[in-house]
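The structure appears below as structure tokens.
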Amino acid sequence: MNEEDTAAVYQRAYDSKEFRELRRRLASFVIPISVAFLLWYVLYVLLATYAHGFMSQKLFGNINVALVMGLGQFVTTFAITWAYVRFANRTIDPIATDLRQHIEADLKGDGGGVALDKGESK
């Protein structure tokens with residue numbers, strides 16, 4: 001397969017409804033989670049910078065609000081990672097695997113059995 005044919009296979013994959021669906025599903029998870037975490041982080045930084053009294057309030061023993069919120073950043077990061085892996089395994093990976101198999105079959109020249117543009121058998 002020459003370079004133009006290879007480029008055409010990847011362009012068909014890029015233009016396919018399967019790839020658009022893959023990108024849509026990924027964005028539907030990544031964008032809201034990213035915005036939420038960024039807001040949570042900015043809140044933490046702003047409170048640490050401007051709300052010293054609030055952040056230094058002792059909750060129990062030597063544990064104050066700032067320490068709990070700081071550790072909460074780590075917990076949130078691990079929770080987001082766990083949620084993303086679960087989401088990707090269930091939602092993204094099956095579509096990506098099918099798309100990859102179709103691309104590989106097209107590159108080998110057997111057509112992959114499915115037209116990427118329409119999702120119909122060839």
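Atoms CD1 and CZ, from Ile80 and Phe78 in turn, are 11.5 Å apart once rounded to the nearest 0.5 Å. For the atom pair Ile33 CD1 and Tyr84 OH, the distance stands at 12.0 Å (nearest 0.5 Å). Atom CG of Leu22 is separated from atom NZ of Lys17 by 14.0 Å, given to the nearest 0.5 angstrom. For the atom pair Arg86 CZ and Thr81 OG1, the distance stands at 14.5 Å (nearest 0.5 Å). Between atom CD of residue Gln73 and atom CZ of residue Phe37 there is a gap of 4.5 Å, rounded to the nearest 0.5 Å. Ile103 CD1 to Thr6 OG1: the interatomic distance, rounded to the nearest 0.5 Å, is 11.5 Å.
The closest side-chain heavy-atom distance from Val68 to Ile63 is below 4.5 Å. Side-chain contact between Glu18 and Asp98 is absent, with no heavy atoms from C-beta onward closer than 4.5 Å. Inter-residue side-chain proximity for Gln57 and Val65 is flagged as met; some heavy-atom pair is nearer than 4.5 Å. Side chains of Tyr50 and Met55 form no contact here, defined as non-hydrogen atoms less than 4.5 Å apart.
Heavy-atom minimum distance, Arg90 versus Pro94: O-CG, 3.7 Å. When every heavy atom of Tyr44 is checked against every heavy atom of Met69, the shortest pair comes out as CD1-CB, 3.6 Å. When every heavy atom of Ile92 is checked against every heavy atom of Leu26, the shortest pair comes out as CD1-N, 3.7 Å.
Tracing side-chain contacts under 4.5 Å through hydrophobic residues (I, L, V, M, F, W, Y), one reaches Phe60 starting from Leu67; they form part of the same cluster. One hydrophobic cluster, built from ILVMFWY side chains closer than 4.5 Å, cannot hold both Ile95 and Val85; they sit in different ones. Placement of Phe54 and Leu59 within a single hydrophobic cluster is found when ILVMFWY residues are connected by side-chain heavy-atom separations under 4.5 Å, directly or transitively.
Thr91 pairs by the side chain to side chain donor-acceptor pair (under 3.5 Å) definition with nothing, not counting sequence neighbours. Every residue two or more places apart in sequence or in another chain was checked for a salt bridge (charged side-chain N to carboxylate O under 4.0 Å, His left out) with Arg23, and none qualifies.
The number of heavy-atom neighbours closer than 6.0 Å to CG of Asn62, taken from other residues, nucleotides and ligands shown, is 12 or below.
Within the structure, the ring pair (Phe, Tyr, Trp, His ring centres under 6.0 Å) test picks out the following pairs touching residues 4-24 (sequence neighbours left out): Tyr14-Phe19.
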Before you tell me yes or no, could you show the steps for Leu99 and Ser16 under side-chain contact (heavy atoms from CB on, under 4.5 Å), namely the whole-Å CA-CA distance, both residues' side-chain angles and the distance that decides it to 0.1 Å? CA-CA 9 Å; Leu99 189 59; Ser16 71; 4.0 Å; yes
Determine, stepwise, if the pair Leu39 / Val42 fulfils side-chain contact (heavy atoms from CB on, under 4.5 Å). CA-CA 5 Å; Leu39 290 174; Val42 168; 5.6 Å; no
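In terms of modelled atom types and a separation under 3.5 Å, the side chain of Arg20 and the main chain of Asp15 share a donor-acceptor contact.
Look at Glu104 and Arg100 and you find a salt bridge, because one of the NZ, NE, NH1 or NH2 atoms lies within 4.0 Å of a carboxylate O, short of that distance.
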